[in-house]
Amino acid sequence: MTRLSKLSRSIAGQSAIVTGAASGMGRATAHLFADEGARVAVVDLGADRVEAVVKEITDAGGTARGWTIDVSAGAQIHRLINEVVETFGGIDILVNNAGVSLLGGATTPEAEFEDGWHHTIEINLTAHARLMRAVLPHLHARGAGRIVNIASTEGLIATGGLAAYTASKHGVIGLTKSFAVELGRTGVTVNCICPGPIRTGMTADIPEEDKEVYARRRVPLRRYGDPEEVAQMTLSLVLPAASFVNGAVVVVDGGMTIRHV
């Protein structure tokens, strides 16, 4: 009998860029991709943090190189893309994970609000668009490609006092859908993940007892998620076998956003 399965579930030998890869979900994604045989560009601020992750990966037998850049700077993005192509011979996967979360809302003093707004939008949204546009010629050169944007459940619901963060994550979802429609004919897929409460640097300052209360009240699984649980979904979306998944918004939140009370 002829085998039904014809699509590969391996990214071995592929080249991937992961931004915000020095901690949290980005670090977990970089490790997981390397474990699966990909060559990983670890991208983040802070050379020491980047090199620490590269060392972790290479010590475990994986392949990784580090780039220390500010993704809000357009010129640095183009340098990154050119150097990754020179180092790895091409690019197959882009994961836009870098992000910031700054307080700011309707009654925040104007100067503070303006600074936080522009900084957040530049990193959380504009950088995503710039990176996707910059990497496209190299994905097209492969005849396909995978882009995954990391948004948030704040792109589906909202928390008061996080206006820029919430707006940026809503924007990431819209940006994902627009690029997915435009690029589908080329074989490049663009998808989006919306993590819920995850144990990352952004949630590290929340007291443990508050995390437990929130999870019991809001999350059907009654706990915070781990970064690898998001990374595993990211891996699923970049597999060659995920070739008909395009423009999807995948929620990884333990059921938080479906719970009514």
Side-chain angles (χ1 to χ4, degrees), residues 18-30 42-50 53 67-77 80 94-132 148-176 192-208 210-211 213-215 218-219 224-227 230-231 234 249 251-253 256-257:
V18 182
T19 68
S23 64
M25 294 179 290
R27 173 175 171 267
T29 301
V42 176
V43 180
D44 211 320
L45 290 171
D48 290 346
R49 297 167 63 239
V50 168
V53 174
W67 278 267
T68 304
I69 73 161
D70 178 356
V71 295
S72 68
Q76 293 188 34
I77 285 175
L80 166 70
L94 169 65
V95 179
N96 275 316
N97 172 76
V100 295
S101 176
L102 302 175
L103 293 175
T107 60
T108 302
E110 184 173 357
E112 180 184 345
F113 180 84
E114 289 286 334
D115 287 346
W117 178 272
H118 290 295
H119 186 61
T120 301
I121 297 299
E122 279 290 309
I123 293 174
N124 290 10
L125 182 57
T126 305
H128 284 33
R130 286 173 174 162
L131 277 155
M132 287 193 287
V148 177
N149 296 320
I150 306 300
S152 167
T153 48
E154 285 291 322
L156 303 169
I157 53 178
T159 299
L162 287 175
Y165 184 77
T166 301
S168 70
K169 295 305 185 178
H170 275 73
V172 169
I173 292 174
L175 181 68
T176 297
C192 178
I193 293 177
C194 291
I198 308 295
R199 291 182 175 277
T200 68
M202 286 188 183
T203 62
D205 291 337
I206 300 173
E208 200 61 33
D210 291 349
K211 286 189 179 81
V213 169
Y214 182 88
R218 291 294 311 277
V219 183
Y224 269 52
D226 291 323
V230 180
T234 305
V249 179
V251 180
V252 183
D253 71 348
M256 182 189 75
T257 51

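Heavy-atom basis, side chains included; hydrogens, waters and symmetry copies ignored.
Residues satisfying the side chain to side chain contact (heavy atoms under 4.5 Å, CB included) criterion with Ile206, sequence neighbours excluded, are Thr203, Asp210, Lys211, Tyr224. The side chain to side chain donor-acceptor pair (under 3.5 Å) test applied to Thr234 returns no partner, not counting sequence neighbours. Annotation: side chain to side chain donor-acceptor pair (under 3.5 Å) contacts of Asn96 (sequence neighbours excluded): Asn149. By the salt bridge (Lys or Arg N to Asp or Glu O under 4.0 Å) test, Arg199 pairs with Glu208, sequence neighbours left out. For Trp67, there are no ring-ring contact (aromatic ring centres under 6.0 Å, His included) partners two or more places apart in sequence or in a different chain. Looking at residues two or more places apart in sequence or on another chain, you find no side chain to side chain donor-acceptor pair (under 3.5 Å) involving Asp44. Every residue meeting the side chain to side chain contact (heavy atoms under 4.5 Å, CB included) condition with Glu122, not counting sequence neighbours, appears here in chain and number order: Ser72, Thr126, Arg130. Residues satisfying the ring-ring contact (aromatic ring centres under 6.0 Å, His included) criterion with Phe113, sequence neighbours excluded, are Trp117. With sequence neighbours left out, Val213 forms a side chain to side chain contact (heavy atoms under 4.5 Å, CB included) with Arg216. The salt bridge (Lys or Arg N to Asp or Glu O under 4.0 Å) test applied to Asp253 returns no partner, not counting sequence neighbours.
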Without placing hydrogens or testing angles, list every side-chain donor-acceptor pair under 3.5 Å for residues 154-163, not counting sequence neighbours.
from   : atom 1 : to     : atom 2 : distance (Å)
Glu154 : OE1    : Thr159 : N      : 3.0
Glu154 : OE1    : Thr166 : OG1    : 2.7
Glu154 : OE2    : Thr159 : OG1    : 2.5

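Using a distance-only test at 3.5 Å, with no hydrogens or angles considered, no donor-acceptor pair links the side chain of Ser152 to the main chain of Cys194. Asn97 contributes a side-chain N or O that, together with a main-chain N or O of Gly20, makes up a donor-acceptor pair within less than 3.5 Å.
Applying the salt bridge (charged side-chain N to carboxylate O under 4.0 Å, His left out) rule to pairs touching residues 100-117 yields nothing, sequence neighbours excluded.
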